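Below is one structure, written out as structure tokens; the observations come after it.
Heavy-atom basis, side chains included; hydrogens, waters and symmetry copies ignored. Note that this is a predicted model, so its numbers are computed, not measured. So you know, we letter chains A, B, ... as the sequences are listed, proteins then strands, and number each from 1.
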2 protein chains.
Amino acid sequence: MRDPKVEQVLDRLREGGGRLTRARRQIVEAMVAGDHRHLTAGDIVEIVRRRDPDFHESTVYRTLERLAELGVVRPVQLTPGATVFHLVEGPHLHHHLLCDRCGTVIEASDDLLDALAVEVGRTYGFALQSAAATLHGVCSACHEHHEHDHSHDHGAGHRH
Amino acid sequence: MRDPKVEQVLDRLREGGGRLTRARRQIVEAMVAGDHRHLTAGDIVEIVRRRDPDFHESTVYRTLERLAELGVVRPVQLTPGATVFHLVEGPHLHHHLLCDRCGTVIEASDDLLDALAVEVGRTYGFALQSAAATLHGVCSACHEHHEHDHSHDHGAGHRH
DNA sequence: ATAATTGCAAAGTCTTTGCAGTTTG
DNA sequence: CAAACTGCAAAGACTTTGCAATTAT
């Protein structure tokens, strides 16, 4: 119950001039627990409230904003109406492959778009920002049984 | 004042079993007028209301939804909190290059990601959906004078 | 102590929905 | 005429903001 990952994030917070509060620790704990998950602000509120009923929305947003400024957390707009957040592990940037069927998010290597970046720069004079892309498509699992009409677990991973 | 592009879209609406109303004509006219612009629902409301003060939000959303179903219009989530819509010209799909500095949107050829699609399919078993990507970066104009602190015209194109 | 942070409540933006009246084909 | 569509009003999801009370350093 003294997860090094949690402490690492909290340390960065303090280094950045921030203060260490109960609420912040719980937010970070929730994010570390749900590791490679992509949580919405609402997901985090729900989780933290289980232990701390007074925990409030505004705190999540303010804290996530701080953490994002410090580069510890990354906000990603996967779908309309739902910004998800995840921890940035070290310098490990990555792109997101979002399955439009089941909502699964695959984290793809940051050099995936290197070749494309060159191409785009040459053709459009556009400097592609690394590791910021969300690519839509269909994951392998969904692709295999795409003729069946099973109950799509849409939003897998962060729907309540 | 009988723009063939407008008629073309309205024809498709009718073919799809839809009805031709004053509101719908005006919505389409607004979109054609702002051609390669990417308009938010709010932008459209604002434009149409100038001629037709009773025009209502809900109508835009319902109409855009229909048009999107018919494949005539495409909704794109460029930034958090702002779904933009644009007409789909024929079979001309494209990706979006969004400048994070000035908000300009460049429409990139749909085959831009072909090579990437192969790569992603092989590495992650993920079937990339064509022409659905929004790539972030910096456009050439912004890139050139990036040391100066000029008033960034952020949101260019669809901010009121 | 004092500056940061929180809970709370209120508001803001964007979007959706139900319904009764109106209009289209 | 019947079905489709509209305006309106109300509500819903997500996020932001002001403020007074609380808490970390």
Between atom CD1 in A:I44 and atom P in D:dC14, what is the gap in whole Å? 13 Å
Residue closer to the 5' end of DNA chain D, B:P53 versus A:T83 (nearest nucleotide): B:P53
Determine all donor-acceptor pairs shorter than 3.5 Å in which one atom belongs to a side chain in residues 11-19 of chain B; sequence neighbours excluded.
none

Set of ring pair (Phe, Tyr, Trp, His ring centres under 6.0 Å) partners for A:H96, sequence neighbours left out: A:H38, A:H86, A:H94
Return each pair, listed once, that meets salt bridge (Lys or Arg N to Asp or Glu O under 4.0 Å) where at least one residue sits in residues 114-123 of chain A; pairs must be two or more places apart or across chains. A:E119-A:R122
Counterpart residues, side-chain contact (heavy atoms from CB on, under 4.5 Å), relative to A:T21 (two or more places apart): A:A23, A:R24
A:V138: hydrophobic cluster co-members (side-chain, 4.5 Å): none
Taking five pairs at each end of the helix from C:dA1-D:dT25 to C:dG25-D:dC1, what angle separates the two helix axes (nearest 10°)? 30°
For DNA chain D, what residues of residues 67-76 of chain A have any heavy atom nearer than 4.0 Å? none
Quick one: list whatever passes side-chain contact (heavy atoms from CB on, under 4.5 Å) with A:Y61, sequence neighbours left out. A:A41, A:E57
Taking the side chain as everything from C-beta on, heavy atoms only, tell me whether B:T83 gets closer than 4.5 Å to B:T40. no
Strictly below 4.0 Å, heavy-atom distances to any atom of DNA chain C: list the hits from residues 14-25 of chain A, or just say none. A:G18, A:R19, A:T21, A:A23, A:R24
Every protein N/O lying under 3.5 Å from an N/O of nucleotides 17-22 of chain C:
residue : atom : partner : partner atom : Å
C:dG18  : O6   : B:R62   : NH1          : 3.2

Residues in side-chain contact (heavy atoms from CB on, under 4.5 Å) contact with B:Q129, at least two apart in sequence or another chain: A:D100, A:H136, B:A132
Tracing side-chain contacts under 4.5 Å among Ile, Leu, Val, Met, Phe, Trp and Tyr outward from B:V118 reaches none
With a 4.0 Å cut-off on N to O distance, would you call A:R25 and A:E7 a salt bridge? yes
